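Computed from a predicted structure; not experimentally measured.
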Amino acid sequence: MSTPDTESLQVLLEREEAERDATALAVRQAQDHLQRLQAQMTQFSQHRADYITRWQQQFHQSGGIEIVHCYRSFMQRLDQAMSQLSLQQRQAELNLQRQRHRLVEAETRVAAIRKLISRRLESHELTQQRREQKQTDEAAQRAAWLSRQSHALPALG
């Protein structure tokens with residue numbers, strides 16, 4: 001239902017709903033991105049643990065200095081990669097928090113506009129009911145007046 005004073009609010013509501021929907025999509029994408037990073041971190045951690053276990057066995061069999069250098073070099077690169085991934089994960093978490101905050105704000109705006117439209121429609125309906133009641137009252141008064149007039153005319157004659 002639309003009245004002239006709610007048409008612009010309806011347009012605004014549609015725009016805000018579209019923005020809210022876009023923000024909800026951004027939240028889902030941020031969640032997916034964070035989950036991918038977390039899965040990747042889990043894989044890196046598992047790979048690191050497996051690598052340590054494998055090389056400890058290798059050290060027990062033969063522990064040449066070249067093997068130790070190779071092991072340390074790879075572990076440093078792996079630790080750097082995990083450190084960078086951890087930073088990306090923290091940034092993704094912050095982004096997700098920002099997107100969720102934006103979504104709450106968008107949902108609040110949509111709810112406020114809907115409430116305003118509802119109040120305007122209720123006000124319009126109340127005004128219509130009052131107008132109809134006034135017309136009914138006036139019609140009843142005219143009918144009563146006409147009835148009195150028609151009863152009074154024969155008495156004069």
Would you tell me whether [X] and [Y] have side-chain atoms, one donor and one acceptor, within less than 3.5 Å of each other?
X: His101; Y: Glu105; result: yes
X: Asp50; Y: Gln46; result: yes
X: Arg77; Y: Ser73; result: yes
X: Arg130; Y: Gln133; result: no
X: Ser123; Y: Arg119; result: no
X: Arg100; Y: Gln97; result: no

Are [X] and [Y] in one and the same hydrophobic cluster, where Ile, Leu, Val, Met, Phe, Trp and Tyr link if side-chain heavy atoms are under 4.5 Å apart?
X: Trp55; Y: Phe44; value: yes
X: Leu25; Y: Val110; value: no
X: Met41; Y: Leu96; value: no

Please verify the inter-ring angle class for Phe74 with His47; under 30° counts as parallel, over 60° as perpendicular, anything in between as tilted.
perpendicular
Exactly one candidate in Ile117, Leu116, Ile113 meets side chain to side chain contact (heavy atoms under 4.5 Å, CB included) with Leu12; the answer is Ile113
Between Glu125 and Arg120, is there a salt bridge with N-O shorter than 4.0 Å?
no
Carboxylate-amine/guanidinium proximity below 4.0 Å for Glu107 and Arg20
no
May I ask you to test the Met75-Arg48 pair for a side-chain heavy-atom distance under 4.5 Å?
yes
Side chain proximity check, Arg142 to Trp145, heavy atoms < 4.5 angstrom
no
Please report the interatomic distance [atom1]([X]) to [atom2]([Y]), rounded to the nearest 0.5 Å.
X: Gln10; Y: Arg15; atom1: CD; atom2: CZ; answer: 14.0 Å
X: Leu94; Y: Arg98; atom1: CG; atom2: CZ; answer: 6.0 Å
X: Leu103; Y: Asp21; atom1: CG; atom2: CG; answer: 9.5 Å
X: Leu85; Y: Gln40; atom1: CG; atom2: CD; answer: 5.0 Å
X: Gln141; Y: Thr136; atom1: CD; atom2: OG1; answer: 11.5 Å
X: Arg131; Y: Leu126; atom1: CZ; atom2: CG; answer: 11.0 Å

Take Arg114 and Ser118 through the test side chain to side chain donor-acceptor pair (under 3.5 Å) and record every step on the way to the result.
CA-CA 6 Å; Arg114 283 186 177 152; Ser118 174; over 6 Å; no
Taking it one step at a time, do Gln99 and Arg102 satisfy side chain to side chain donor-acceptor pair (under 3.5 Å)?
CA-CA 5 Å; Gln99 294 299 335; Arg102 286 183 57 218; 3.0 Å; yes
Heavy atoms of Glu93 and Leu34 approach each other most closely as CG-CD1, 3.6 Å
Go through it in stages, so that I can follow the logic: the residues are Glu7 and Val11, the test is side-chain contact (heavy atoms from CB on, under 4.5 Å), and I'd like the CA-CA distance, side-chain angles, deciding distance and then a yes or no.
CA-CA 6 Å; Glu7 288 176 11; Val11 171; 6.0 Å; no
Would a distance-only check, ignoring hydrogens and angles, find a side-chain to backbone donor-acceptor pair under 3.5 Å from Thr23 to Glu19?
yes
Would you say Thr108's side chain and Val104's backbone share a donor-acceptor pair under 3.5 angstrom?
yes
